[in-house]
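Following: one structure in structure tokens, then a few remarks.
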Amino acid sequence: TTSDPTPVATEKQQLRIATTTSLYDTKLLERLTPIFEEQYDAEVLIVSAGTGKAIEYGQNGDVDVLMVHDRAREDAFLADGYGINRRVFAYNYFVVVGPESDPAGIRGMHPEAAFTTIRETGMTDGSDVVFVSRGDASGTHSKEKAIWKAAGFNYSADVQGSGDWYQEAGTGMGATLTMANEKQAYTLSDIGTYLAYKGDLDLVTLVDEGDILLNVYCAMQINPEKYPDINSTVAKDWVNFMISEDVQKEIASFGVDQYGQPLFYAARNDWEKIGVPQAEVKDPIP
Amino acid sequence: MYEIIEGFVEAARLIFTLDPDVMAIAARSIVISLTATILATLLAIPLGAVINFGTFPGRKSLINLIQTLYSLPTVIVGLLIFLLISRVGPFGSLRLLFTPTAMVIAQTVLILPIMTGLTISALSGIDPVVRDTLYSLGATRLQFLVNIMKEARFAILATVAVGFGRAISEVGAAILVGGNIAASSFGSSTRVLTTAISLETSMGNIPESIALGIILLAIALGVNLAITTVQHR
Amino acid sequence: MYEIIEGFVEAARLIFTLDPDVMAIAARSIVISLTATILATLLAIPLGAVINFGTFPGRKSLINLIQTLYSLPTVIVGLLIFLLISRVGPFGSLRLLFTPTAMVIAQTVLILPIMTGLTISALSGIDPVVRDTLYSLGATRLQFLVNIMKEARFAILATVAVGFGRAISEVGAAILVGGNIAASSFGSSTRVLTTAISLETSMGNIPESIALGIILLAIALGVNLAITTVQHR
Amino acid sequence: MIELENVSKRFDDKTVLDSVTARIGREEIFAVIGPSGAGKSTLLRLVDLLDSPSGGTIRIDGTDIHAERKRSLSIRRMMGMVFQKPAAFNTTVTENIAVGLRFRGAGESVIQKKVEDALDMVGLAGYGERRARTLSGGEMQRVALARAMVIEPEILLMDEPTVNLDPVSVEKIEELVLRINRDLGTTIVISTHDMYQGQRLAHRIGVLMNGGFAQVGSPREVFTLPANRDVARFVGTENVVEGVVVADENGSSVVDVDGVRVRAKSSFSQGEEVCLCIRSEDIRIAPAAGARGLRGGNILPGTVASISPRGPFSRVTVDCGFALSSVLSWKVVDDLEIREGSPVSASFTVESVHVVRATRN
Amino acid sequence: MIELENVSKRFDDKTVLDSVTARIGREEIFAVIGPSGAGKSTLLRLVDLLDSPSGGTIRIDGTDIHAERKRSLSIRRMMGMVFQKPAAFNTTVTENIAVGLRFRGAGESVIQKKVEDALDMVGLAGYGERRARTLSGGEMQRVALARAMVIEPEILLMDEPTVNLDPVSVEKIEELVLRINRDLGTTIVISTHDMYQGQRLAHRIGVLMNGGFAQVGSPREVFTLPANRDVARFVGTENVVEGVVVADENGSSVVDVDGVRVRAKSSFSQGEEVCLCIRSEDIRIAPAAGARGLRGGNILPGTVASISPRGPFSRVTVDCGFALSSVLSWKVVDDLEIREGSPVSASFTVESVHVVRATRN
Ligand SMILES: Nc1ncnc2c1ncn2[C@@H]1O[C@H](COP(=O)(O)OP(=O)(O)OP(=O)(O)O)[C@@H](O)[C@H]1O
Ligand SMILES: Nc1ncnc2c1ncn2[C@@H]1O[C@H](COP(=O)(O)OP(=O)(O)OP(=O)(O)O)[C@@H](O)[C@H]1O
Ligand SMILES: [Mg+2]
Ligand SMILES: [Mg+2]
């Protein structure tokens, strides 16, 4: 190792990736990068940040690849011309977790119905039903809002600020889970973080079925037309790498040894299930 | 760069429209950090005096330890307090986690070392004849302390400024023990300026972050003007 | 509470097994924060001297401003530096974002106000006759500065301790401009102890966080012992 | 040569120096004496460029030192200053003394040698390795002297440099000062409240009072012919009495003091209010009976009002209409067998009465 | 009553006080004189509980003050101290002086009154609102005096309290000290290097030298009968010469000094090495011819070696085999028409020769 704080000039290509925290925290990428670096003789630099921040890195051209799970904002990002060549590489499901006692009685409900019930019981006087929201405009938060909308509520009017039953944590998934645990409250979590935290929590999965809980992860290149000196070749390699057969297998088995169940499903063959064009899961970028 | 200007505009807007959310957050920041600063001052001054004027074995090591604690990361302070007050921790029954009280405790712990250390520094700079004169005029312990503080008031208030600065600008402990909660009632919320800034930043809302930063500095300026006024009295 | 003990055990394990990842992170922390502290010291001392000994209009306001900047949240510093060095920022072409250099810059900016302010405090505590004596012995500007620093070395080195403490313990700026990157080469990585602690904490790995915190404090202790040695020379 | 021209210094509302004018010659030893708070330190600080005058100019060898900002370093380096309350740098005695030499880039061996010589000269040989902060008051004062002298300045400014010293050390330092002046031709400006020190050392003495020099002259002039009543009091003329001239003829006059007639040499004319200054050493006390005639002198009968010790002497105050003090050795007092209440006569010559105009201020 | 019993004080390796024993009576004024670095300040600090002795005990009214930790506040409150380098609290002059009164819970109006009186007494009326840090050296010293006096302590410790003052102010302060002692019965311990001040003020003087009191006695004793050669030198006996007793008979002896025979009253016997101390005031100078016989006195012929000013006097040194200095008024010097080289005779009585054992150290 060298003690020079300035980056050493390496002949290796550098690939910069911005990713959302929840994906990063699963350590999936940690498993994959050495393989990639080996194969492509490149160095991968991964920055994890909140979805909004990650997208901003992409917009500024500070990274070469963006990996997020917020379909609506991805579409906007692509439409604005910042990103190209989106490929979906994995998916899983969000879960609604809550205390074992389940004071609102939502166990096994559909997500929309569960949310409606939580809100109603939460708003009755003297109830100890609390819902903790990420409240940080993350992919998970976007999903939560989508569920409220699907359940027929106007998020900012009917949910936010409707009472102390609804609390915005304004932090990452892990902290939100910890807070929900502390307050014996409900929350919406991605499965990866929940499994990682499960050992320290008294919270149990109450709702885990429903199409709306689908959580789709994608990778995309930053548009080299916007930033010509961006590292588009390696970026392309990475995106292709993520949807390659070997990696898809790797993804499908990731986490089994630790949690007894996979954290992700490979997207490769399930494009219909997750509702994206086949090209987005199968076709390498030319 | 454009975001910085946007930040100023946004700050002006938030301030002049007296945006209720922002006002509440700012008020919470002031209350929590000022309380922590006052508590830490009340602890640091006698502590610093005892260490500076005292002669006991291990005095030098103690000073070293205190200086070392300047490097205590806010997250670690947050974690330790968290472990103490979480439901399963020894003080869990007090239900302090995610309350403003917990934030006050965390910030007090955080700034205590630096305030104590700087108090020692301030006192060690005092002419020993001043100390002897006070003794020889028949000061009790308390009178001594009060008068030596008056003599060192410039440096002591600079210490308070440092403490307050560190308290109001820290975010790691605040978020861990406070939780950055935005609830509908003032008392249940724990969102302060720094945690709000972190949140806005993680959401990529740079102008909003900068606006909140400007509001935070405006508060700090006010507090410092007050401190300076006392300093030069 | 059990996690704290686990933290100590883990810290011992990491240190005694010389865990290469942790060693690299610790080394990076030391290098970055020491560099920032040295840079800030080199700037703060002449700056503090000019402000303390100078007589110019607006001097008091300047001191107030500096004290106010003690409250600058690290996230805001990180953001501002980010805006400057991001690809679309004015210094974007230097490609500094996500490099240790950027972290050094951010930490330098972060601790400059407090180091300047405390330098002013340290110098203002010097007996004016000492200053006059140096002048009257025919000191050049530089000789004056060097000798006045020698006189104030206790307080100045306390200032350095504060600066280093703040630099090595901050996380907001480090994460924003550094990115907490764990790359395969040492020079491309920007993960330091605080960002690693944050990451571990966010993943719920409390013993690991505490272990890293202990390592950080051990480093700080070493640096402070060095400072104390110079102080008492 | 140092010239002060209409130098003024105000602090806030307080005018400390009010248009002071003086000239100090090359290689001169000039003593500034004056009461506490007169502005002695202020004056020296202005010369040493440590403070700026509120008005007027200070020239050294013709250069307006406060105007020449660019040359201020070389001007400062011409001078050495010993402060009234010397400050110790927080290091060893040797390092304290070496500072000025280091500033001038002297070599290590030269420094060693000079510092040791200087320590020796001020009587602190062997103190080199002591931490300066632990020195006694007088020891530190001598270190400050050594510190200023070791750089061999052209002009040495000393602000009450021996106040904390015992008489033996004072003598040593005074000899040193005289030697420096003689051997190196150093111009020396010394402020002191010890008039005798001024006298022992100085070629000329300036009496600083009420914002300006009330008198500048040789030590003897200042002591025997004080310019006014305040100076007389200040230089230790015990007997300063007010009176009115009742008769005058060619250079001598008779002054009425509280009804007692005193003859004096003076050119004041009848009716003028004057002050008579008579040094106590010039007054002889004799038993009331045995007063021998002094040709044309003053013989005033009276009774002893008090006898108080004054060093190896006794101060005898005689009430002869007004109070007159004389200084006698203990032996004489014993021989004369006088005690309080004894009738005696006090006699003094016409020449020993110095007459100045009575000024009220 | 203050009793020092075998009090020692070491700093690191340096022994400053070495088994000092003394007793200071109630209502006494006791002056500690001694050379710079003798340990005067150290001694006062030990009494004022500011430092602990390395050995021995200090008792006040029978109480071992360093042993009684519990009563240390009330013991400290019995005393007031004026430091050698007084420190100003960073506030107004009034507040500086009021501190001790505030500590004792005095009421605001009492404080106002006392502070104003004190300011007046030290000659600083009207300075109340000034910031103490801007005072001149002498002004600050007087503030420190006022600060210690205003609390009316039973014991007042003053460490060279008038060094920065001019003679007029000194006189004022000395009168004040005497008045306090007389009116309030305050026990006063004053350290000074000005022996004359010791004499003017003190009932007894202790000469601190080489780690202990070389002599304790009334001012007159110390001045006329110094206990040894060092004390003699220190109290300003100009003529201290060594010799050997060559003849002795009932209380008087003849001493050989460099071949010159001097007669003196003493009980030393033949062959003993002695020091002769002769105060310059006791030596009469006469023209070589006109020396009149002194019954049984010493008349030594010689030539004038030097004449130097000494206040209103001249110091005339005569070489008569060994050097003898006398002090004459300027007038006498003029009258005698002596100058360097003039042949003169120096005469002094047998009684004015004080003989002490010659000690080498
Ligand atoms: N900064 C200041 N503000 C107000 N007054 C001041 C200041 N500095 C000095 N003075 C006043 O100016 C006067 C002259 O002070 P200076 O120190 O020159 O006196 P000095 O003749 O040296 O007296 P001393 O013999 O007591 O040392 C004093 O009355 C002092 O109080
Ligand atoms: N902390 C210390 N360490 C070492 N030596 C010391 C210390 N304090 C005092 N001394 C020495 O003790 C001796 C006595 O000091 P003290 O201040 O009592 O002398 P003093 O009689 O008051 O002299 P002065 O007349 O110069 O004020 C001095 O030689 C001094 O250097
Ligand atoms: Mg002065
Ligand atoms: Mg002393």
Side-chain angles (χ1 to χ4, degrees), chain B residues 41 45-46 48-60 118-162 224 226-233, chain E residues 41-42 44-52 65 69-92 95-106 131-133 140-141 143-159:
Chain B
T41 304
I45 284 180
V50 166
I51 296 171
N52 184 62
F53 295 115
T55 43
F56 48 88
R59 189 174 159 272
K60 277 221 179 119
L118 291 178
T119 301
I120 295 172
S121 227
L123 294 181
S124 74
I126 286 186
D127 183 353
V129 185
V130 165
R131 187 190 61 198
D132 288 347
T133 306
L134 286 173
Y135 267 123
S136 103
L137 286 170
T140 62
R141 247 167 240 268
L142 184 64
Q143 288 167 339
F144 180 78
L145 201 60
V146 170
N147 279 271
I148 212 82
M149 288 301 135
K150 274 196 204 160
E151 278 308 293
R153 64 180 173 276
F154 193 91
I156 293 286
L157 286 165
T159 303
V160 174
V162 169
N224 276 298
I227 287 175
T228 314
T229 311
V230 182
Q231 235 168 2
H232 290 283
R233 250 234 311 266
Chain E
S41 301
T42 305
L44 294 190
R45 290 173 57 83
L46 291 178
V47 174
D48 201 31
L49 289 175
L50 296 172
D51 213 338
S52 314
I65 57 172
R69 297 214 130 246
K70 283 203 190 118
R71 289 183 44 211
S72 92
L73 179 66
S74 68
I75 292 169
R76 274 194 280 123
R77 288 203 171 174
M78 290 173 61
M79 299 185 270
M81 172 129 171
V82 182
F83 291 84
Q84 186 167 8
K85 281 190 194 172
F89 300 131
N90 190 5
T91 171
T92 62
E95 282 309 307
N96 261 270
I97 298 177
V99 173
L101 293 171
R102 288 204 198 289
F103 286 172
R104 287 160 179 78
R131 289 206 79 78
R133 289 265 165 97
M140 185 57 218
Q141 206 160 31
V143 169
L145 269 157
R147 186 161 61 187
M149 284 172 177
V150 84
I151 55 175
E152 297 178 6
E154 278 180 57
I155 298 169
L156 187 56
L157 308 167
M158 303 199 285
D159 198 359

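Chain A is the first sequence line, chain B the second, and so forth, proteins listed ahead of strands; every chain is numbered from 1.
- The two residues Phe103(E) and Gly138(B) come nearest to each other via the heavy atoms CD1-C, 3.8 Å.
- Nearest approach of Gln143(B) to Arg102(E), heavy atoms of both residues: NE2-O, 4.1 Å.
- For Leu134(B), the parts sitting under 4.5 Å from any heavy atom of chain E are the backbone and the side chain alike.
- Heavy atoms only, all atoms of each residue included: Leu73(E) and Ala139(B) are closest at CD1-O, 3.4 Å.
- Shown here is Arg141(B), whose CZ atom has no more than 12 heavy atoms of other residues, nucleotides or ligands within 6.0 Å.
- Val130(B) approaches Ala88(E) most closely through the heavy-atom pair CG2-O, 4.5 Å.
- One finds the CG atom of Asn147(B) at 6.5 Å from the CZ atom of Phe89(E) (value rounded to the nearest 0.5 Å).
- Taken to the nearest 0.5 Å, the OG atom of Ser136(B) stands 7.0 Å off from the CD1 atom of Ile151(E).
- Rounded to the nearest 0.5 Å, atoms OG1 (Thr140(B)) and CZ (Arg76(E)) are 8.5 Å apart.
- One distance of note links OG1 of Thr133(B) with CG of Leu50(E); it measures 8.5 Å at 0.5 Å rounding.
- The shortest heavy-atom contact between Arg104(E) and Leu137(B) is NH1-O, 2.7 Å.
- For a residue to count as touching a neighbouring chain, one of its non-hydrogen atoms must lie under 4.5 Å from one of that chain's; by this rule Met81(E) touches chain B with backbone and side chain alike.
- For Asp127(B), the part sitting under 4.5 Å from any heavy atom of chain E is the side chain, from C-beta outward, and nothing else.
- Considering all non-hydrogen atoms of both residues, Asn90(E) and Glu151(B) come closest at N-OE2, 2.8 Å.
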